[in-house]
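Heads up: the structure comes next, in structure tokens.
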Amino acid sequence: MTQATAPPALVIPQLIVGLGNPEPKYDQTRHNIGFAAADALARSWNISLAEHRKFQGQFGEGVGPKGDKIRLLKPLTYMNLSGQAIRAVTDWYKLPPESVLVIYDDMDLPLGRLRLRLSGSAGGHNGMKSTIAHLGTENFPRLRIGIGKPKDRGSDSATVSYVLGKFSSAETQLVSEVLQLVADAVSLSLKQGVEKAMNLYNSRTVAAAAGE
């Protein structure tokens, strides 16, 4: 008779980080969808984000959907130094890495798809490289938001201009629905754990309306 193994501990985020770049010229760009997600969560939970020098970002605290304290961070360090801001918050509040949920853009997923994971590599994303380096581990949850690939993948400059470009009007409608899906997935993570949200939301797709 095999010995029953204890169920894995629930991973409940205490700090949610949206990755992006500061400066108005980056607003509404594909690379800043992590910022847009953090803003959507802040609105959903009535958390006001304000610049916090110690944390090198916009930061706010409030109550999540389960009544527990939740913290939101938008690093203002620029993407490739995001980990500095995240580490400043985790050190101050003595948070373990597995309580940090990082939200960011992913070209390998089509627009309309999300992918929650409990751990993993940076996958070439500079913000995640910095986060992993500063937290000293890959074992923290992350939510990737699909932004799709440029049609012309022939050059690095084409990729950069795509990632730093703004969504089309048709895509913008889709993005607002995606951000609602993100809010739902994160809320479930806070209530029942990241793994439960993974099982429910990794297979969801937001599709464009017919004729777009």
Side-chain angles (χ1 to χ4, degrees), residues 13-45 47 49 51-52 55-60 70-90 97 99-117 120-135 138 140-148 160 162-167 171-172 174-187 189-190 194 197 201-202 206:
Q14 297 177 60
L15 169 65
I16 296 167
V17 183
L19 298 187
N21 283 309
E23 287 190 71
K25 68 180 179 180
Y26 296 112
D27 287 350
Q28 312 302 320
T29 60
R30 295 179 177 91
H31 210 26
N32 267 33
I33 201 164
F35 271 13
D39 288 336
L41 292 171
R43 287 192 297 271
S44 176
W45 301 331
I47 294 175
L49 296 173
E51 190 160 346
H52 193 298
F55 298 155
Q56 303 173 58
Q58 288 188 348
F59 179 79
I70 191 71
R71 300 173 179 95
L72 282 171
L73 174 69
K74 292 165 62 180
L76 299 179
T77 53
Y78 289 92
M79 189 69 87
N80 61 354
L81 298 174
S82 300
Q84 289 181 7
I86 296 170
R87 182 63 186 265
V89 179
T90 57
S99 73
V100 180
L101 173 63
V102 182
I103 305 176
Y104 61 104
D105 59 296
D106 187 355
M107 281 175 39
D108 291 328
L109 286 174
L111 184 63
R113 291 296 301 271
L114 309 178
R115 190 61 46 81
L116 258 171
R117 287 278 183 266
S121 70
H125 193 283
N126 288 334
M128 286 301 285
K129 287 177 186 174
S130 175
T131 303
I132 289 167
H134 280 85
L135 291 180
E138 294 183 347
F140 57 88
R142 69 284 312 271
L143 173 54
R144 293 181 285 141
I145 303 176
I147 60 168
V160 169
Y162 175 81
V163 168
L164 295 181
K166 295 184 188 294
F167 290 105
E171 288 174 333
T172 299
L174 207 58
V175 167
S176 66
E177 295 179 46
V178 168
L179 292 177
Q180 183 55 57
L181 201 65
V182 168
D184 293 345
V186 173
S187 290
S189 296
L190 296 176
V194 172
Y201 286 95
N202 280 357
V206 177

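A quick note: this is a predicted structure, and the numbers were derived from the prediction, not measured.
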| query | Do K166 and D27 meet the salt-bridge criterion of a basic N to acidic O distance under 4.0 Å? | reply | no
Which atom of [X] lies closest to which atom of [Y], heavy atoms considered:
X	Y	answer
V182	A37	CG1-CB, 4.1 Å
L101	L143	CD1-N, 3.9 Å
A85	T77	CB-CG2, 4.2 Å
I132	G120	CD1-O, 3.9 Å
G60	I47	C-CG2, 3.6 Å
S187	W45	OG-NE1, 3.8 Å

If we only count heavy atoms from C-beta on, is the [X] to [Y] side-chain gap below 4.5 Å?
X	Y	answer
P75	V17	yes
E177	L181	no
I16	L41	yes

| note | For residues 15-26, the salt bridge (charged side-chain N to carboxylate O under 4.0 Å, His left out) pairs (sequence neighbours left out) are none
| Going through the distances and angles, do V163 and T29 end up as a side-chain contact (heavy atoms from CB on, under 4.5 Å)? | CA-CA 7 Å; V163 168; T29 60; over 6 Å; no
Check for a donor-acceptor pair, side chain of [X] on one end and backbone N or O of [Y] on the other, with a separation under 3.5 Å.
X	Y	answer
R142	I103	no
N202	L116	yes
R30	Y162	yes
S44	A40	no
R113	V206	no

| Under the ring pair (Phe, Tyr, Trp, His ring centres under 6.0 Å) test, which residues partner F140, sequence neighbours left out? | none
| request: Given side-chain contact (heavy atoms from CB on, under 4.5 Å), test M128 with L19 step by step and report yes or no. | output: CA-CA 9 Å; M128 286 301 285; L19 298 187; 4.3 Å; yes
| So D108 and R115, salt bridge (charged side-chain N to carboxylate O under 4.0 Å, His left out) or not? Walk me through it. | CA-CA 10 Å; D108 291 328; R115 190 61 46 81; over 6 Å; no
Got a sec, which residues hit side chain to side chain contact (heavy atoms under 4.5 Å, CB included) with [X], two or more places apart in sequence or on another chain?
X	answer
E51	L76
S130	H134
A36	L179
N80	Y78, N126

| Taking the six-membered ring where the residue is Trp, are the ring centres of H31 and Y26 under 6.0 Å apart? | no
| request: Output, in order, the C-alpha distance, side-chain angles, deciding distance and verdict of side-chain contact (heavy atoms from CB on, under 4.5 Å) for D105 and R144. | output: CA-CA 6 Å; D105 59 296; R144 293 181 285 141; over 6 Å; no
| query | Using the ring of each side chain (for Trp, its six-membered ring), is F55 parallel, tilted or perpendicular to H52, with breaks at 30° and 60°? | reply | parallel
| task | Report the distance from atom CD1 of I145 to atom CD1 of I33, rounding to the nearest 0.5 Å. | result | 4.5 Å
| Side-chain donor-acceptor pair under 3.5 Å between D184 and Q180, yes or no? | yes
